[in-house]
Amino acid sequence: MAAAAAAISPVPKDDLERIAKISATIRVIPDFPKPGIMFQDITTLLLDPVAFKDTIDLFVERYKHMNISVVAGVEARGFIFGPPIALAIGAKFVPIRKPKKLPGEVISEEYSLEYGTDKMEMHVGAVQPGDRALVVDDLIATGGTLCAAMKLLERVEAHVVECACVIELAELKGRDRLGEKPLFVLVSST
Amino acid sequence: MSACHSDDPRIHAIKSKIRVVPNFPKPGIMFQDVTTLLLDPKAFKDTMDLFVERYKNKNISVVAGIEARGFIFGPPIALAIGAKFVPLRKPRKLPGEVISEEYTLEYGRDCLEMHIGAVEPNERALVVDDLIATGGTLCAAISLLERAGAEVVECACLIELPDLKGRERLKGKPLYVLVESH
């Protein structure tokens with residue numbers, strides 16, 4: 001698994017060391033959730049307090065001076081990585097959830113799956129026009145979920161600054177599906 | 001133990017940030033919505049600080065968070081105290097080998113799962129969720145950790161609904177909450 005951090009600037013050696021250690025903690029589970037899929041399991045990363053802290057630190061170092069006012073985390077593994085980033089940079093945390101989980105008024109965005117569609121929801125009033133947003137999930141595959149999350153934020157006139165994931169499955173080209181929105185990942189898996 | 005009986009000024013602000021949504025998920029239920037707390041960075045930070053202050057010197061090696069709102073509050077505690085974070089999930093979400101614990105709902109049954117190998121015997125564990133109602137889910141979480149040989153030191157929630165007596169269903173384990181809602 002190759003290390004791939006910021007797209008443009010060279011990565012400091014310390015960052016590469018941390019990323020290599022983080023990458024080594026991620027476990028690949030074959031044939032989950034169905035045959036042929038090599039599942040990238042981050043739960044083993046969470047069992048290593050140093051690797052988990054380094055993961056959060058790498059994101060926080062990148063975003064702390066970008067005036068991010070909201071971190072949106074995609075259910076459920078985005079709930080693990082998003083809040084620590086939000087806390088460290090002083091931003092709001094907004095959960096983006098599967099249908100019917102959020103109480104009260106929501107807006108919904110439909111997105112395509114391999115077979116059929118699904119929906120993501122966000123609370124009305126959680127995000128204000130002009131908020132600068134970061135979208136966080138553990139992994140980007142096709143980019144469908146992240147795209148839906150971005151659309152929810154843009155519909156309430158937030159500015160999505162970047163999407164951040166621990167892992168990218170590069171051959172699924174999710175990065176292209178985000179259009180001109182930048183994507184930052186720690187580990188790229190081919 | 002409820003922190004809301006203490007004089008800590010942070011508690012009152014935290015309580016005021018929790019939104020009650022009537023008739024969710026069904027008529028008659030007053031839903032305690034913590035998402036409004038997460039929109040206030042100071043209140044969210046104070047919430048985490050209150051837990052971290054309590055647990056940082058208790059030699060906790062694992063924080064187990066219950067899907068999904070336990071995933072929001074558990075990891076920041078784990079990170080601050082240098083513990084592992086272990087997600088406890090609904091069925092078929094965790095890849096690889098798991099152990100399952102069934103528990104009763106108002107109507108029917110549900111199941112909570114934990115990875116085999118995530119927790120070692122004699123580890124000291126904290127269980128975290130946003131709210132305790134009947135205690136069924138937390139009880140299942142305690143069972144999973146004990147089956148793996150861990151010692152559950154305490155359960156920690158932001159909110160308790162004391163009228164539902166969940167505190168009595170925790171297999172004798174202590175419960176710490178920040179606020180109560182009657």
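Naming convention: chains lettered A, B, ... in sequence-line order (proteins, then strands); numbering from 1 in each chain. No experiment lies behind these values; they were computed from the predicted model shown.
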Got B:Leu79 and A:Ile56 here, is their nearest side-chain heavy-atom distance under 4.5 Å?
yes
Drop me the distance from A:Ile42's CD1 to B:Phe85's CZ, to the nearest 0.5 angstrom.
9.0 Å
Between the NE2 atom in A:His123 and the OG1 atom in B:Thr35, the distance rounded to the nearest 0.5 Å is 4.5 Å
If you count heavy-atom pairs within less than 4.5 Å of chain A, which of B:Glu67, B:Arg19, B:Met48, B:Arg69 leads?
B:Arg19
Residue part contacting chain B, namely of A:Ala126, when any heavy atom lies under 4.5 Å:
both
For the hydrophobic clusters of this structure (ILVMFWY residues joined by side-chain heavy atoms under 4.5 Å, transitively), does one cluster hold both B:Leu88 and B:Ile99?
yes
Between A:Leu47 and B:Val119, is there shared hydrophobic-cluster membership here, with clusters defined by ILVMFWY side-chain heavy atoms closer than 4.5 Å?
yes
Within the supplied structure, the quantity of interest is the number of heavy atoms (other residues, nucleotides, ligands) at a distance under 6.0 Å from A:His65 NE2; does it exceed 12?
no
Among B:Leu39, B:Val21, B:Asp33, who wins on heavy-atom pairs under 4.5 Å with chain A?
B:Leu39
Is chain A contacted by the side chain of B:Phe44, its backbone, both, or neither, given a heavy-atom distance below 4.5 Å?
both
If you count heavy-atom pairs within less than 4.5 Å of chain A, which of B:Ala83, B:Gly74, B:Gly65, B:Gly117 leads?
B:Ala83
In this structure, would A:Leu183 and A:Val70 fall into the same cluster of hydrophobic residues linked by side-chain contacts under 4.5 Å?
yes
Which pair of heavy atoms, one from A:Lys92 and one from B:Pro41, lies closest together, and at what distance?
N-CG, 4.0 Å
For B:Lys165, does the NZ atom sit with more than 12 other heavy atoms under 6.0 Å from it, leaving out its own atoms?
no
Give a yes or no on this: more than 12 heavy atoms of other residues, nucleotides or ligands lie within 6.0 Å of atom NZ of B:Lys58.
yes
Identify which part of B:Pro95 has an atom lying under 4.5 Å from any heavy atom of chain A, answering side chain, backbone, both or neither.
both
Take atom NZ in A:Lys173; do more than 12 heavy atoms of anything else shown fall under 6.0 Å from it?
no
Nearest 0.5 Å, please: how far is OG1 in A:Thr43 from NZ in B:Lys93?
14.0 Å
With a cut-off of 6.0 Å (strictly less than), are more than 12 heavy atoms of other residues, nucleotides or ligands near CZ of B:Arg92?
no
Would you check if A:Arg27 and B:His115 make a side-chain contact, meaning some heavy-atom pair closer than 4.5 Å?
yes
Less than 4.5 Å to any heavy atom of chain A: does that hold for the side chain of B:Ile72, its backbone, both, or neither?
both
Answer yes if A:Leu102 and B:Ile66 sit in the same cluster of Ile, Leu, Val, Met, Phe, Trp and Tyr residues linked by side chain heavy atoms under 4.5 Å apart, and no otherwise.
no
Is it the case that atom NZ in A:Lys53 sees more than 12 heavy atoms from other parts of the structure closer than 6.0 Å?
no
Please report the interatomic distance CG(B:Leu94) to CZ(A:Phe39), rounded to the nearest 0.5 Å.
8.5 Å
Please report the shortest heavy-atom distance between A:Ala76 and B:Phe71, naming the atom on each side.
O-CD2, 3.5 Å
Could you have a look at A:Pro49, A:Pro103, A:Pro83 and say which one has the most heavy-atom pairs with chain B under 4.5 angstrom?
A:Pro103
